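These notes are about the structure you will find just below.
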Protein chains: 2
Amino acid sequence: MSECTDIYTIAAQRLTEYMKGKNIRKTPERFEILRIVCQTPGIFSIDELHEIMEQKAKFQVSRVTLFNTMKLLEDAKLIIKHTLARAAHYECCINPHPLVCMVCQKCGMVRKLESSKIENWLSEQKCKQFIITQPVLYFHGLCRSCMVKSSIKKRSRVKSEK
Amino acid sequence: MSECTDIYTIAAQRLTEYMKGKNIRKTPERFEILRIVCQTPGIFSIDELHEIMEQKAKFQVSRVTLFNTMKLLEDAKLIIKHTLARAAHYECCINPHPLVCMVCQKCGMVRKLESSKIENWLSEQKCKQFIITQPVLYFHGLCRSCMVKSSIKKRSRVKSEK
DNA sequence: GTCAGTGCAAACTTTTTGCAACTAC
DNA sequence: GTAGTTGCAAAAAGTTTGCACTGAC
C-alpha cells in the first residue's frame, strides 16, 4: 500500500503539472479517481472501476465523470487505453515503457511480457513523420488454458484481476 | 483488378478448406463478402463495408450477416480485426505477417510500416505458454498533420481510404 | 426434408450529449 | 461571479439476439 501511495503522489504531481495553465480544475473527483487507478493493478474497464470506487473506496462518482476523467488522465499520459474488447480498458502507467501484451483470442486474457529487446528495436526506428507516445505490441493468439480446453465458448471481455 | 481476383481465388479456396467438415455452408453472401473484402485496400468498418457492398458491388446484404461473416473470416484467418476505435475495423490478410501500425491519438489515422527487423525479433521470442496467431505492433502517437495543426478537435474514428 | 444462414426488429452495451445544479478559481 | 465540472437522463453508436423465412446440403 505504501508503494501505491508513492505512485499516487507522483501521479498527482504530474496531473497537477499537466493541468497548470490549461483552465482545468482540480476537483476532488479527479484526484480520488487517480488514487484508485494507482491502487488498481492490471487493466480494468469503466464499469469495473466504477464498482471499485463504490464498493471498496466508498466514493460515489458517475460513469460520465469516469469517462471524462479517463480521457484527461490519458491526455496527461498517466494511464494507457486498450481497446481490445468491446469496452475500452485502462491501466495505470506512471512511467510509460513499451508494452508487450499477449491477448487470447478465445477468452480475452491479457498477459504482459518483459522484454528489453523490443526497446532496443524501437530505439532503432526512425519515425520523422510520427511522434510515438506509446508503443504497444499485442500478440493475438491462444493462451495455455484455451489451448488445452477446446471449448467453443464465445470470446469474452478482457479479464482483470478481481 | 486481376491481382485482386487472384487474391480472392486463394482466399475462396482457403475459406472452402476451412469450412470443410464443420457444417458451415457455402452461401453466396459469404463468398461475395469475401470477394469485396479482397478488393478493398486498407482497413474498413462494418458500416463502410456495408456501403461498398451496396454502392459499388450492388450486392444487398444485412449488417447482421456482415458481422457474422467477419467473425467467420476472422476464424478462418482471412481477415484481421482491429479494435482501435469504438467500431471494430477489419482488413484482408491472406498471408498473415507481423503488422506494424502507426495510430494517431488525435485523428485516429492508421498507417502501416514496413519492417523486417520486427519479424526477426519475433522469431527470437520463445512463447511456450501461448500460440501466437497474429502479432500487431501499434504505435500510438501523433501523425505529421496533427503535429502541425495544434487544433483541439476530438479524437475521431479510424480513417480509411474512400 | 433438415438445419444452418439470412435479415428484420428489438434488445443490449458502451459512449456521448444536453442541460441544470454545483463549485473551484 | 464566471466558467469548468458533475451527474442525471436521453440519445447515439456498435453489436448481439430472437425469430420467422429461406435455401444449401
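The structure displayed is predicted, hence computed values, not measured ones. The figures that follow rest on heavy atoms only: side chains count, while hydrogens, waters and symmetry mates do not. Note on naming: letters A, B, ... go to the chains in the order of the sequence lines (proteins, then strands), and numbering restarts at 1 for each one.
Between the CD atom of A:E29 and the C1' atom of D:dT6 there is a distance of 6 Å, given to the nearest Å. Between the C1' atom of C:dA4 and the CG atom of B:L72 lies a distance of 12 Å, rounded to the nearest Å. Rounded to a whole Å, the CZ atom of A:F31 is 12 Å from the C1' atom of C:dA24. Taking atom CZ of residue A:F67 and atom P of nucleotide C:dT15, one finds them 4 Å apart after rounding to whole Å. Atom pair A:I24:CD1 and D:dA3:C1' shows a separation of 14 Å (rounding to whole Å applied). Taking atom NE2 of A:H50 as the reference point, atom C1' of C:dT14 lies 14 Å away to the nearest angstrom. Atoms CD (B:E51) and P (D:dG14) sit 13 Å apart, rounded to a whole Å. Protein atom CE of A:M19 is 13 Å distant from nucleotide atom C1' of C:dC25, rounded to whole Å.
Side-chain contact between B:M70 and B:I33 is present, with heavy atoms from C-beta onward closer than 4.5 Å.
Looking at every heavy atom in both residues, A:I43 comes nearest to A:E48 through O-OE1, 4.3 Å.
For A:K71 and C:dT16, the shortest distance from a side-chain N or O to OP1 or OP2 is below 4.0 Å. The side chain of A:K26 contributes no N or O atom lying less than 4.0 Å from OP1 or OP2 of D:dT5. The phosphate of D:dT6 (OP1 or OP2) has a side-chain N or O of A:T27 nearer than 4.0 angstrom. Distances shown here put a side-chain N or O of A:T65 below 4.0 Å from the OP1 or OP2 atom of D:dG7. The side chain of A:R30 contributes an N or O atom lying less than 4.0 Å from OP1 or OP2 of D:dT5.
No engagement by B:R63 is indicated, since no non-hydrogen atom pair under 4.0 Å with the nucleic acid exists.
The main-chain N or O of A:E74 is never found under 3.5 Å from a side-chain atom of A:K77 such that the two would form a donor-acceptor pair.
Comparing B:D47 and A:N68 along DNA chain D, the residue whose closest nucleotide (by nearest heavy atom) sits nearer the 5' end is A:N68.
Of the candidate nucleotides C:dT16, D:dT15, D:dT6, D:dT15 has the atom lying nearest to any side-chain atom of B:A88. Between D:dT5, C:dA4, D:dA9, one nucleotide has an atom nearer to the side chain of B:N23 than all others, and that is C:dA4. Minimum atom distance to the side chain of B:R25 is reached by C:dA4, of the listed C:dA4, D:dT15, C:dT16.
In the hydrophobic clustering of this structure, B:V64 does not group with B:L73; members are Ile, Leu, Val, Met, Phe, Trp, Tyr whose side-chain heavy atoms approach within less than 4.5 Å, directly or through other members.
With hydrogens and angles ignored, a donor-acceptor pair under 3.5 angstrom links the side chain of A:R86 to the base of C:dT13.
Atom CE in B:M53 sits 6.5 Å away from atom CG in B:L66 (nearest 0.5 Å).
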